[in-house]
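Below is one structure, written out as structure tokens, with a few remarks after it.
As the structure is a computational prediction, the values presented were derived from the model and not from experiment.
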Amino acid sequence: MNELKNEKPLNEILLADDKKRKIIPVEGTRWGELIIPAKHENPGKTQDGLKVLAVASFDYGYVMFETLKECEKRFPERLNIVGLVTDDPANPDAKISMKRRIWRMFDDKGKMDEEKMMVESALSFGVPCYTGEVKIEYFNKLLAEWNPEAILVFVFGQYFNKEIINYPQLGIYNFHPADLANHYGAGPRPFEDMIGRKAETSRLTIHHITEDVDAGHIVGQSPPVNIKFKNGRLTDKVLVLEDKLMGPLEKMSATLISELILRKEAGLSGKIDTIDFERFFTPEDKKRLLQPIQSTDCKNALPVLSEDLEFFVN
């Protein structure tokens with residue numbers, strides 16, 4: 001089996017938190033591992049309900065994943081998070097376009113902290129975590145073992161092949177922080193697109209994944225999000241824009257997972273074609289999204305879900 005030395009620093013942290021976790025080297029991957037939670041981490045987790053695989057990293061992926069966790073906590077018989085696949089920015093050998101994507105904004109400690117945040121979120125909830133390559137035979141077997149009915153993706157540095165894209169019977173969905181419906185911001189630098197265009201508003205988009213980057217059918221978008229300051233000035237700070245575009249994320253995550261649960265329970269298969277996300281946002285929600293940017297600096301605190309988060313599964 002592979003023993004990858006650049007995985008050691010993060011592994012030591014994860015095992016220091018709980019020595020009963022298992023870290024399994026993976027044959028055929030150039031980076032990453034399979035990390036299994038200890039048996040006492042969320043021992044009451046069931047195998048019931050819609051089986052969902054999360055492919056997520058960074059703050060955006062964390063909020064999406066935490067929303068899935070909250071849904072499973074409230075409706076354990078209706079949702080089962082079967083696994084997390086995440087970026088491995090703490091390993092310099094990882095081929096995840098670190099110089100082109102959001103990871104370029106972080107030093108080594110920042111990358112380590114972001115990855116630990118994501119992996120710990122999964123393990124503490126009893127969810128196994130994979131950090132390696134996805135276009136290898138090992139991952140095909142892991143996918144078959146987890147057998148997800150839907151896959152949700154937000155911030156991931158690898159391309160998917162047809163075997164992965166076509167696997168889940170209810171579809172694979174990507175969240176992208178750009179107004180793709182108007183052909184803005186596709187690719188790894190959506191915030192630079194906003195800055196370059198001097199955009200005053202933008203949207204969060206959910207779309208089907210295809211082999212072409214950010215080119216799949218658009219399922220729906222958030223209401224418009226104001227990305228300028230009160231005085232009308234625009235920001236050139238990527239992480240400030242990232243903070244602002246997080247506004248509609250948890251409600252869109254909750255809405256999508258709710259629709260997927262209802263689709264499974266109705267005995268339907270195939271992808272969700274369209275969701276009118278805007279109708280799930282109250283006038284107060286929309287007003288909040290249109291408020292100007294409040295700070296010239298990005299937030300450093302761990303994202304926290306709203307206390308009034310709703311799921312629409314009744």
Taking the side chain as C-beta and beyond, is there a heavy-atom pair between Phe229 and Thr296 under 4.5 Å? yes

Could you label the plane-to-plane angle of the His176 and His207 rings as parallel, tilted or perpendicular, counting under 30° as parallel and over 60° as perpendicular? perpendicular

Pairs where residues 248-285 contributes a residue and the test ring pair (Phe, Tyr, Trp, His ring centres under 6.0 Å) is met, not counting sequence neighbours: Phe280-Phe312

Criterion side chain to side chain contact (heavy atoms under 4.5 Å, CB included) on Trp31 and Lys95, from CA distance to verdict: CA-CA 8 Å; Trp31 73 87; Lys95 308 300 180 185; 3.5 Å; yes

Looking at Glu66 and Lys69, is any side-chain nitrogen of the basic one under 4.0 Å from a carboxylate oxygen of the acidic one? yes

Looking only at heavy atoms, which two atoms of Pro37 and Gly126 are closest? And how far apart? CG-C, 3.6 Å

Same cluster or not: Ile261 versus Phe75, using hydrophobic residues (I, L, V, M, F, W, Y) connected whenever any side-chain heavy atoms lie under 4.5 Å apart? yes

Under the rule for side-chain contact (heavy atoms from CB on, under 4.5 Å), what residues qualify as partners of Glu137, not counting sequence neighbours? Asn140, Lys141

Passing option when Glu41 is tested against Arg21, Lys20, Lys22 for salt bridge (Lys or Arg N to Asp or Glu O under 4.0 Å): Arg21

Any donor-acceptor pair under 3.5 Å linking the side chain of Glu120 with the backbone of Met118? no

In this structure, are over 12 heavy atoms from other groups packed under 6.0 Å from His40 atom NE2? yes

Test ring-ring contact (aromatic ring centres under 6.0 Å, His included) on Tyr173 and His208; report intermediate values, then the result. CA-CA 5 Å; Tyr173 304 85; His208 297 156; 5.5 Å; yes

Heavy-atom side-chain proximity of Ser253 to Phe175 below 4.5 angstrom: yes

Quick one: does Glu250's side chain get under 4.5 Å of Glu70's, heavy atoms only? no

Evaluate salt bridge (Lys or Arg N to Asp or Glu O under 4.0 Å) for Glu278 paired with Arg203, printing each intermediate quantity in order. CA-CA 11 Å; Glu278 290 206 41; Arg203 296 176 188 259; 3.1 Å; yes

Do the side chains of Lys237 and Asp297 get nearer than 4.5 Å, heavy atoms only? yes

Heavy-atom nearest pair, Leu84 first then Leu53, reads N-CD1, 4.0 Å

The reported gap from OG1 in Thr255 to CD1 in Ile275 (rounded to nearest 0.5 angstrom) is 7.0 Å

Would you indicate whether the side-chain heavy atoms of Ile227 and Thr235 approach each other to under 4.5 Å? no

Might you point out which heavy atoms bring Met64 and Leu152 nearest each other, and give the distance in Å? CE-O, 3.5 Å

Glu310 CD: over 12 foreign heavy atoms closer than 6.0 Å: no

Step-by-step side chain to side chain contact (heavy atoms under 4.5 Å, CB included) determination, Val82 to Asn147: CA-CA 8 Å; Val82 296; Asn147 194 26; over 6 Å; no

Please say yes or no: joined through hydrophobic side-chain contacts below 4.5 Å, possibly via intermediate residues, are Leu234 and Ile195 part of one cluster? no

Separation of Ser222 OG from Ile206 CD1 (nearest 0.5 Å): 9.0 Å

For Lys299, side-chain contact (heavy atoms from CB on, under 4.5 Å) partners two or more places apart: Asp243

Under 3.5 Å donor-acceptor, Lys244 side chain and Pro292 backbone: no

Tell me if a side-chain donor or acceptor on Asp48 pairs with a main-chain N or O of Glu77 at a distance below 3.5 Å. no

Without swapping roles, check the side chain of Ser269 against the backbone of Gln169 for a donor-acceptor pair under 3.5 Å. no

Does any non-hydrogen side-chain atom of Gln158 lie less than 4.5 Å from one of Lys135? no

How far apart are the closest heavy atoms of Ala254 and Ile257, and which atoms are they? O-CG2, 3.3 Å

What is the distance from atom CD of Gln291 to atom CG of Asn226, rounded to the nearest 0.5 Å? 9.0 Å

If Ile, Leu, Val, Met, Phe, Trp and Tyr residues are connected whenever their side-chain heavy atoms lie under 4.5 Å apart, and connections chain through other members, are Ile23 and Tyr130 in the same group? no

Would you sort out whether Glu265 and Leu50 count as a side chain to side chain contact (heavy atoms under 4.5 Å, CB included), showing the intermediate values? CA-CA 8 Å; Glu265 293 176 350; Leu50 174 73; over 6 Å; no

Asp87 side chain to Gly157 backbone, donor-acceptor under 3.5 Å: yes

Supply the atom-to-atom distance Glu33 CD to Thr131 OG1, rounded to the nearest 0.5 angstrom. 5.5 Å

Would you compute the distance between atom NZ of Lys8 and atom CD1 of Ile13 and round it to the nearest 0.5 angstrom? 12.5 Å

Following the transitive rule for hydrophobic clusters with a side-chain heavy-atom cut-off under 4.5 Å over Ile, Leu, Val, Met, Phe, Trp and Tyr, establish whether Val219 and Met252 coincide in one cluster. yes

Would you call the rings of Phe160 and Phe156 parallel, tilted or perpendicular, taking 30° and 60° as the class edges? parallel

Would you name the heavy atoms of Leu260 and Ala150 that are closest together and state the gap between them? CD1-CB, 4.0 Å

Sidechain-backbone polar pair: Arg78 side chain, Ser258 backbone, donor-acceptor under 3.5 Å: no

When you measure from the centre of the six-membered ring of Tyr184, is the NZ or CZ of Arg197 closer than 6.0 Å and no more than 45° off the axis? yes

Under a 4.5 Å cut-off applied to non-hydrogen side-chain atoms, are Leu268 and Leu170 in contact? no

Parallel, tilted or perpendicular: which fits the ring planes of Phe58 and Phe106, with parallel below 30° and perpendicular above 60°? perpendicular

Residue pair Thr205 / Gln221, side-chain donor-acceptor N/O under 3.5 Å: yes

Hey, is Arg189 close enough to Asp193 for a salt bridge, meaning N to O under 4.0 Å? no

Could you verify whether a donor N or O on one side chain and an acceptor N or O on the other, from Lys45 and Asn80, lie under 3.5 Å apart? yes

Passes side chain to side chain contact (heavy atoms under 4.5 Å, CB included), Leu142 versus Val85? Steps please. CA-CA 11 Å; Leu142 188 61; Val85 179; 6.0 Å; no

Between Ser57 and Thr86, the two heavy atoms sitting closest are CB-OG1, 3.3 Å

Would you indicate whether the side-chain heavy atoms of Val127 and Glu72 approach each other to under 4.5 Å? no

Could you see if Val55 belongs to whatever hydrophobic cluster contains Ile35? Use Ile, Leu, Val, Met, Phe, Trp, Tyr and a side-chain cutoff under 4.5 Å. no

As an exercise, state the distance from NZ of Lys251 to CG of Leu204, rounded to the nearest 0.5 Å. 13.5 Å

Looking at Asp285 and Arg288, does any basic side-chain N land under 4.0 Å from a carboxylate oxygen? yes

Answer yes or no: is there a donor N or O on one side and an acceptor on the other, between the side chain of Arg30 and the main chain of Asp93, under 3.5 Å? no

